[in-house]
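Working notes for the structure below.
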Number of protein chains: 2
Amino acid sequence: MDETPSRTERKRAQIMDAATSAFLEHGYKGTSMDLVAAAARVSKQTVYKHFADKEQLFQAILLAAMEPTVQRLTSAAPVTGGDDLAADLLAVTRNLVQAIMRPEVLRLRRLLIGESARFPLFGGAYYDQSFSGGLAALAKQLSVLAEGGGLRLPDPLVAAEHLAGMALWVPMNRAMFTGSDQPLSADELDHYCGAAVRDFLAAYAAAA
Amino acid sequence: MDETPSRTERKRAQIMDAATSAFLEHGYKGTSMDLVAAAARVSKQTVYKHFADKEQLFQAILLAAMEPTVQRLTSAAPVTGGDDLAADLLAVTRNLVQAIMRPEVLRLRRLLIGESARFPLFGGAYYDQSFSGGLAALAKQLSVLAEGGGLRLPDPLVAAEHLAGMALWVPMNRAMFTGSDQPLSADELDHYCGAAVRDFLAAYAAAA
DNA sequence: CCACCAGTACTGAACCGTCCAGTACACCAA
DNA sequence: TTGGTGTACTGGACGGTTCAGTACTGGTGG
């Protein structure tokens with residue numbers, strides 16, 4: 001598919017790419033249409049051919065940037081359901097943390113949070129789809145793991161919220177405030193996920 | 001103290017108050033010096049008498065806004081250490097959640113996160129002082145409670161991180177993305193704190 | 001009295017959105 | 001392949017607005 005993108009489609013993609021980078025880096029007010037046009041190596045007129053005004057361009061790049069993130073977080077990775085519950089839990093948790101601590105996701109989160117006062121619809125949409133959807137997907141994974149009999153899950157959603165909260169609270173806050181987009185090191189990933197899974201198991205392991 | 005604030009000091013306070021509201025509401029780029037002067041009922045010249053330029057005004061209000069928040073979150077509320085461990089834990093958790101879910105704190109967090117790419121020092125400072133400091137204070141409270149014998153705390157700091165993460169992950173993310181500054185309702189507060197304390201106790205209660 | 005302040009006008013620059021003359025490109029017909 | 005036609009694009013300029021920061025006059029509180 002998309003064998004030969006027409007010139008119009010190419011230009012549109014150039015504009016979207018440049019605008020996405022610019023908005024994610026400088027925010028809405030900090031991004032000028034001239035800068036977008038220059039970064040896209042496109043005349044400003046072409047920008048306005050494709051997008052009515054700055055706000056509609058902003059909305060377009062937000063929707064486009066949210067889509068793959070939502071997709072990735074809500075597509076429950078198939079749980080193998082092996083015989084090692086702790087290992088399976090650790091794998092699920094690592095998947096979640098790595099997926100949500102990606103640089104693009106962090107930048108998108110900062111933009112949505114920073115602009116949530118002026119563009120509350122998009123922050124709300126992201127929360128509904130990506131955040132809540134991701135937790136629901138995690139709850140489903142936990143339910144599958146619980147079928148093995150090692151977990152007692154009276155409320156899978158609450159369990160998912162607590163597992164995610166334990167694993168992500170510290171690194172996510174640090175990333176948000178620090179402004180650093182660097183993904184977690186292997187040691188940090190092991191530390192946060194390992195500690196979270198340990199306490200999760202201590203709370204939810206079925207009585208032997 | 002501050003018996004008779006001089007006129008200069010009064011004017012400075014007016015400017016700081018107005019600028020704080022404006023920056024918290026509209027962000028750095030979205031706030032104009034004319035708007036600040038008008039909101040402070042002060043001439044623009046007076047603003048520039050007190051602050052060299054917009055950036056220094058921004059830094060001043062950030063430092064001033066961070067101070068009480070840091071103070072509140074790191075001043076460990078005296079733990080009574082009664083005979084009901086679950087009730088004490090619930091009280092500690094409710095204190096934390098209510099302190100951090102205050103509207104001013106939420107607005108400050110959004111501003112720091114949104115501007116963390118352009119003003120990384122302040123986000124980092126807030127993370128170091130308020131976030132990490134708050135967790136350290138919570139860890140200390142937990143240690144005090146553990147002296148009663150009902151808790152087994154191999155690593156109080158990790159325990160504090162997990163308790164805070166379980167209690168705050170969902171409501172904090174919702175507040176950040178939604179843009180709503182409304183504090184949690186009594187039901188929500190009970191729900192999040194109750195569920196967090198329940199799982200925390202399940203993981204950390206000393207073997208009877 | 002006089003330093004400070006209000007009010008306002010001003011400068012220089014940035015930005016949004018538009019317009020226009022000329023150019024590159026896609027598509028089709030011969 | 002060639003030539004032609006319509007559409008998309010370029011580059012730049014421009015009007016109207018906003019903004020950061022300065023200058024100046026006149027008034028007022030301490």
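Residue numbers begin at 1 in each chain, while the letters A, B, ... track the order of the sequences. Source: prediction; values computed, not measured.
Partners of A39(A) according to the side-chain contact (heavy atoms from CB on, under 4.5 Å) rule, which considers only residues two or more places apart in sequence or in another chain, are A18(A). Residues forming a side-chain contact (heavy atoms from CB on, under 4.5 Å) with A136(B) (at least two apart in sequence, or on another chain): none. Residues satisfying the ring pair (Phe, Tyr, Trp, His ring centres under 6.0 Å) test with F58(A), not counting sequence neighbours, are F23(A), Y28(A), F119(A). Scored by the salt bridge (Lys or Arg N to Asp or Glu O under 4.0 Å) test, K11(A) finds no partners at all (sequence neighbours excluded). Checked against ring pair (Phe, Tyr, Trp, His ring centres under 6.0 Å), F122(B) has no partners two or more places apart in sequence or in another chain. Applying the salt bridge (Lys or Arg N to Asp or Glu O under 4.0 Å) test to E104(A) and every residue at least two apart in sequence or in another chain returns R102(A). Residues meeting the salt bridge (Lys or Arg N to Asp or Glu O under 4.0 Å) test with K54(A), sequence neighbours left out: none. Residues meeting the side-chain contact (heavy atoms from CB on, under 4.5 Å) test with R174(A), sequence neighbours left out: T178(A), L184(A), E188(A), Y192(A), Y127(B). Listed by chain and number, the residues in a side-chain contact (heavy atoms from CB on, under 4.5 Å) with L121(A) amount to none (sequence neighbours excluded).
In this structure, R72(B) places its CZ atom where only 12 or fewer heavy-atom neighbours from other residues, nucleotides or ligands lie under 6.0 Å away. The environment of CZ in R198(B) is sparse: at most 12 heavy-atom neighbours from other residues, nucleotides or ligands sit within 6.0 Å.
A straight line from CG of L35(A) to C1' of dC15(C) spans 12 Å, rounded to a whole angstrom. Atoms CZ (R41(A)) and C1' (dA24(C)) sit 17 Å apart, rounded to a whole Å. Atom CZ of R12(B) is separated from atom C1' of dC4(C) by 16 Å (rounded to the nearest Å). Rounded to whole angstrom, the span from the CG atom of D34(A) across to the C1' atom of dT10(D) amounts to 14 Å. A straight line from CD of Q14(B) to C1' of dC5(C) spans 11 Å, rounded to a whole angstrom. In this structure, CE of M33(B) is placed 17 Å from C1' of dT8(C), rounded to the nearest angstrom. Going from atom NZ of K11(B) over to atom C1' of dT28(D) covers 11 Å, rounded to whole Å.
Contacts between residues 42-63 of chain A and DNA chain D, defined by a heavy-atom separation below 4.0 Å, involve V42(A), S43(A), Q45(A), T46(A), H50(A), listed by number. Contacts with DNA chain C (heavy atom under 4.0 Å) in residues 23-32 of chain B: none are found.
Taking the C1' atoms of five terminal pairs at each end of the helix from dC1(C)-dG30(D) to dA30(C)-dT1(D), the two resulting helix axes are inclined by 30°, rounded to 10°.
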